[in-house]
Amino acid sequence: MESFGTRLHRAITERGPLCVGIDPHPGLLAHWGLPDDVRGLDRFSRTVVEALGDRVAVVKPQSAFFERFGSRGVAILESTIRQLRDAGSLVLLDVKRGDIGSTVSAYAAAYLDPSSPVYVDAVTASPYLGVGSLAPMFELAAEHGGGVFVLALTSNPEGAAVQRAVTADGRTVAQTVIDEISQLNRGATPLGSFGLVVGATIGDTGHDLSGVGGPLLAPGLGAQGAGAADLRTVFGSSLASVLPSYSREVLSAGPDVAALRAAADRVLVDCRAVLPAR
Ligand SMILES: O=C(O)c1cc(=O)[nH]c(=O)n1[C@@H]1O[C@H](COP(=O)(O)O)[C@@H](O)[C@H]1O
């Protein structure tokens, strides 16, 4: 069975280095002329799949925007995941899960076991109960060809106080996360299955990402103020591993399918101008 890293590497080679989020904010539903209800949610998600599912390497549904409609919203998330898989994009579910290990096992079963209705290619995870507590996710991902993207240096200004705090051995909290994920990817070619989330908004923080060996998801582009050129400052010599991620910047071009495609094409061109050819 192919690893997530191998599948992601191929998707990026074939479709380009781009992740687009499905974040159906109430404001975006209104902007698209849709009601703020499950019908609007369904139409919004179907339109994004139609526009981008067959051309973008990774699509990242943000679970919160589906969960806010309860079980009917989750049913639409399940259906969106199936549609994306049929269209050929990899699905990264943004759920930022994290808990004690025995509970993380259940989260792993929910998202990374192929028999689950919300099975996806990869999930986002939070390491603040200790990177080791996420081990059941790493294990199930490795078993079934899945991936896990762990938060390291997030795009929001509040993250720095926790993530850049210095630990007893002199490394920042974020650097310890980076180093532990790097270990998991050791020897994986062409790309490891365990990624990190590093916001494009954070500037040059001096963290060493050179040994990660896995993908570096870069949110914060567009609506949060960062541009493709900022990737150079944030990632330096690790640019080749970056997967830029946009949500509102692309989604606000909808509901017209051609306009959504044009917006995705535009940000991909911007990113390709900065990232090394892959
Ligand atoms: O894990 C993420 O994707 C993520 C991490 C992070 O540090 N910052 C961040 O904005 N995100 C997510 O990325 C998306 C950003 O959306 P836009 O600001 O509209 O592009 C949201 O779904 C966020 O939850």
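We count ligands from 1, going down the list as the structure has it; atoms in each ligand are counted the same way.
Against a heavy-atom cut-off of under 4.0 Å, K60 is close to the following atoms of ligand 1: 2 (C), 3 (O), 12 (C), 13 (O), 14 (C), 22 (O). Those atoms of ligand 1 with a heavy atom of R248 less than 4.0 angstrom away are 17 (P), 18 (O), 19 (O), 20 (O). The atoms of ligand 1 that sit less than 4.0 Å from any heavy atom of T154 are 7 (O).
The side-chain contact (heavy atoms from CB on, under 4.5 Å) with L92 is formed by just one residue from the set L8, L243, L217; it is L217.
Of the possible polar contacts, none joining the S3 side chain to the G145 backbone as a donor-acceptor pair under 3.5 Å is found.
Between Q224 and ligand 1, an N or O atom pair is found at a separation short of 3.5 Å. The shortest N/O to N/O separation between Y246 and ligand 1 does not fall below 3.5 Å. Any N or O atom pair closer than 3.5 Å counts here, and S247 shares at least one such pair with ligand 1. Looking at ligand 1, you'll find an N or O of D23 within less than 3.5 Å of one of its N or O atoms. Ligand 1 has no N or O atom lying under 3.5 Å from any N or O atom of H25, backbone or side chain. The shortest N or O to N or O distance between Q62 and ligand 1 is below 3.5 Å.
To the nearest 0.5 angstrom, H31 atom NE2 is 11.0 Å from L29 atom CG.
Between T201 and Q224, the side chains place no donor N or O within less than 3.5 Å of an acceptor N or O (distance only, hydrogens not considered). Donor-acceptor pairing under 3.5 Å is recorded for the side chains of Q83 and S79.
The number of heavy atoms from other shown groups lying within 6.0 Å of CZ (R68) is above 12.
Ranking the protein heavy atoms by distance from atom 9 (C) of ligand 1 puts S155 OG, 3.5 Å first.
Of the options P219, S245, P244, the smallest heavy-atom separation from atom 6 (C) of ligand 1 is shown by P219. In this comparison of E249, K96, Q163, the heavy atom closest to atom 2 (C) of ligand 1 sits on K96.
Ring planes of F4 and F149: perpendicular class, angle over 60° (limits at 30 and 60°).
Residues V49 and V38 are members of one and the same hydrophobic cluster, defined by side-chain heavy-atom contacts under 4.5 angstrom among Ile, Leu, Val, Met, Phe, Trp and Tyr.
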